[in-house]
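Note that the coordinates shown come from a computational prediction; the quantities given were computed from them, not determined experimentally. If you read the sequence from its start, that first residue is 1, and numbering goes on from there. Order of listing sets the numbers, starting from 1, for every ligand and every atom in it.
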Amino acid sequence: MKICAISFHCCPFSLLGGDGTGGMNVYLRELCSALTSYPEVKIDIFTRIQNPMIREIKYFSPQARVVHLRGGPERPMDRTKLYDFLPEFSRNLESFIYQERESYDLVYSHYWLSGLVGEGIRHKFNLPLAHIYHTLAFLKERVLREEPREHESRIRAERHLAYVSDAIISSSGEEMQSLVDEYGISSSKGRIIYPGVNKKLFYPLEDRMVLREMRCREKDRIILYVGRIDPAKGLMTVIEALELLKKRDLPLYSQLKLIVVGGGRKKEDLPGNKEFIRIKEAIREKKLTGKVIFLGSKKQSQLHKYYSAAEALVMPSLYESFGLVPVEAMACGTPALVSRIGEMRYIVQEGRNGFSFRPNNPSSLASCLEHFFSNKESLWDAEKIRQNAIKNFSWGKTAEETYSLFRRLRREKASITTIFQPDESLRPV
Ligand code: UDP
């Protein structure tokens with residue numbers, strides 16, 4: 001089976017944790033690698049050129065390659081400004097397929113922008129289209145009302161993709177239910193497939209040098225945040241919870257340290273990130289300087305040291321489809337404190353591998369921290385936490401389920417009934 005995967009706005013090999021790079025890159029990289037464990041699978045991932053020095057075809061295994069094509073300026077761009085470059089990218093993708101005489105069995109698109117490109121390819125070459133949204137604008141807007149940052153066409157395009165795709169994959173049962181309620185997706189079209197965790201990358205490892213880098217002492221109680229610095233990720237909730245703890249539980253507060261990993265390169269990207277500036281100002285105002293250490297983004301291969309050094313991972317997101325980070329922390333034996341949303345609320349089992357708190361609610365998080373640190377010794381078994389995480393989540397399993405869906409789509413290619421509602425204004429080619 002030859003798969004045409006489209007990831008227009010992000011390259012699976014970009015630095016992770018920066019603006020716009022995170023879970024989706026990991027998902028593509030890990031899943032595509034796992035899919036190539038099937039000898040008959042070949043994958044091409046098409047992405048836009050973001051750096052004039054990286055425009056070639058890059059093989060990441062004998063069966064899988066990333067193909068860089070022109071689609072807008074050859075530099076990283078805010079993804080909300082990329083819509084206008086879809087026609088150029090689509091034309092280049094089509095030319096590539098003709099020139100190289102490629103013959104694909106299926107189009108697999110990631111995020112709404114790639115979905116629109118995928119739809120064009122689906123029609124031109126009469127292929128089935130499997131789409132995964134990663135995030136949905138209508139769900140995001142429910143929790144982030146004051147942030148009208150999304151492209152005006154996004155919601156319309158996402159609805160349109162629900163109609164024209166042959167299969168919609170989601171990492172979350174809750175998200176799938178919302179798609180059913182809002183867009184009327186049928187049960188034969190929707191498929192919930194959980195992402196995995198790479199147990200070779202995420203395992204417990206003590207490293208004293210990491211303590212020094214985090215400017216922490218042995219006796220500090222470290223809580224760790226890993227991820228993009230973006231309003232939807234809710235880092236501000238942790239800052240406000242720390243301020244509350246300063247007032248209501250000084251002994252605990254004085255032992256706590258919050259370590260932040262992510263946000264891009266520390267010197268170049270962080271200072272230009274609006275949410276980072278807002279958080280820095282809040283830290284200054286609330287006199288929490290020294291309590292919060294920003295390390296910038298780290299390579300995924302280094303993250304296990306930070307997860308292992310922390311007593312708890314905190315994921316305070318306001319919106320999340322799945323959330324890879326809590327599972328990665330658990331694979332390192334570290335419990336996770338997560339906001340009660342999306343799939344995270346089911347992954348975290350209260351008192352066994354973490355606790356949950358109300359999203360966007362600093363007081364609930366402050367109580368959660370107090371509860372966690374007062375119960376810690378009796379509750380946690382790091383090895384059990386790890387074993388459970390790697391048993392329940394593996395990219396091998398994700399690939400198996402995805403591949404079985406792809407095989408079905410190929411078989412049913414012509415007979416799948418999609419309620420096709422053309423929307424010419426969205427068609428990129
Ligand atoms: N990540 C990383 N380095 C960083 C920050 C994050 O490698 O400095 C990775 C992290 O391991 C995780 C992904 O980025 O796999 C973030 O995924 P998640 O689903 O938690 O959040 P998303 O970015 O999808 O909102």
Side-chain angles (χ1 to χ4, degrees), residues 7 9-31 33-34 79 110-111 132-137 139-140 143-144 170-172 175 193-203 210 213-214 224-235 259-270 273 275-276 293-310 313-332 334 336-339 341-344 347-348 354 359 389 393-395 398:
S7 174
H9 80 280
C10 84
C11 172
F13 292 97
S14 305
L15 175 73
L16 298 173
D19 189 22
T21 54
M24 180 175 146
N25 307 56
V26 174
Y27 189 100
L28 262 166
R29 207 160 64 191
E30 293 285 358
L31 177 60
S33 302
R79 61 182 182 275
H110 293 254
Y111 197 64
I132 173 162
Y133 291 102
H134 290 279
T135 58
L136 279 155
L139 291 177
K140 216 169 161 187
V143 289
L144 287 162
S170 169
S171 302
S172 141
E175 183 181 273
I193 302 177
Y194 288 146
V197 66
N198 184 337
K199 65 179 178 189
K200 291 190 191 136
L201 272 182
F202 297 104
Y203 56 89
V210 158
E213 183 193 349
M214 298 193 301
L224 175 71
Y225 169 94
V226 175
R228 293 177 290 113
I229 300 188
D230 178 289
K233 289 285 179 182
L235 183 55
I259 306 298
V260 178
V261 171
R265 282 156 300 192
K266 199 174 165 192
K267 291 217 171 75
E268 293 129 58
D269 302 327
L270 275 173
N273 175 330
E275 180 65 357
F276 172 72
I293 311 287
F294 291 90
L295 299 182
S297 292
K298 298 286 166 192
K299 286 198 175 125
Q300 227 192 4
S301 57
Q302 299 301 306
L303 285 183
H304 61 295
K305 298 181 194 165
Y306 303 92
Y307 286 130
S308 303
L313 178 279
V314 62
M315 189 151 200
S317 307
L318 311 186
Y319 168 65
E320 200 71 62
S321 167
F322 183 84
L324 296 173
V325 159
V327 183
E328 293 168 356
M330 288 172 196
C332 297
T334 303
L337 311 178
V338 302
S339 48
I341 52 158
E343 211 56 37
M344 292 197 302
I347 296 166
V348 165
F393 302 99
S394 88
W395 290 108
T398 314

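- For the atom pair CG (L136) and OG (S172), the distance works out to 9.5 Å, reported to the nearest 0.5 Å.
- Checked against a 6.0 Å centroid threshold, the rings of Y111 and H134 do not count as neighbours.
- Near G262, meaning under 4.0 Å from any of its heavy atoms, are these atoms of ligand 1: 8 (O).
- Within the 4.0 Å heavy-atom criterion, both parts of L324, backbone and side chain, lie near ligand 1.
- Within the listing of ligand 1, atoms 1 (N), 2 (C), 3 (N), 7 (O), 10 (C), 11 (O) sit less than 4.0 angstrom from a heavy atom of L303.
- Among V261, V260, L295, the single residue meeting the side chain to side chain contact (heavy atoms under 4.5 Å, CB included) criterion with V226 is V261.
- Per-residue contacts place S297 under 4.0 angstrom from the following atoms of ligand 1 (heavy atoms of the residue considered): 8 (O).
- Proximity to M315 (heavy-atom distance under 4.0 Å) selects the following atoms of ligand 1: 20 (O).
- For ligand 1, the atoms lying closer than 4.0 Å to a non-hydrogen atom of G323 are 19 (O).
- Of the candidates H134, R228, K233, R29, the one placing a heavy atom closest to atom 21 (O) of ligand 1 is K233.
- Residues satisfying the ring-ring contact (aromatic ring centres under 6.0 Å, His included) test with Y307, not counting sequence neighbours, are F202.
- With hydrogens and angles left out, the side-chain atoms of Q302 and K299 include no donor and acceptor closer than 3.5 Å.
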Criterion side-chain contact (heavy atoms from CB on, under 4.5 Å) on K298 and K305, from CA distance to verdict: CA-CA 11 Å; K298 298 286 166 192; K305 298 181 194 165; over 6 Å; no
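- In terms of the ring-ring contact (aromatic ring centres under 6.0 Å, His included) criterion, residue partners of F322 (sequence neighbours excluded) are, by chain and number, Y194, F393.
- Below 3.5 Å of separation, one finds no N or O of V26 facing any N or O of ligand 1.
- Contacts between N25 and ligand 1, counted as non-hydrogen atom pairs separated by less than 4.0 Å, are absent for every part of the residue.
- Under a 4.0 Å criterion applied to the non-hydrogen atoms of V226, ligand 1 contributes the atoms 5 (C), 6 (C).
- Considering backbone and side-chain atoms alike, V325 places an N or O below 3.5 Å from some N or O of ligand 1.
- Below 4.0 Å from some heavy atom of G22 lie the following atoms of ligand 1, by number and element: 13 (C), 14 (O), 16 (C), 23 (O).
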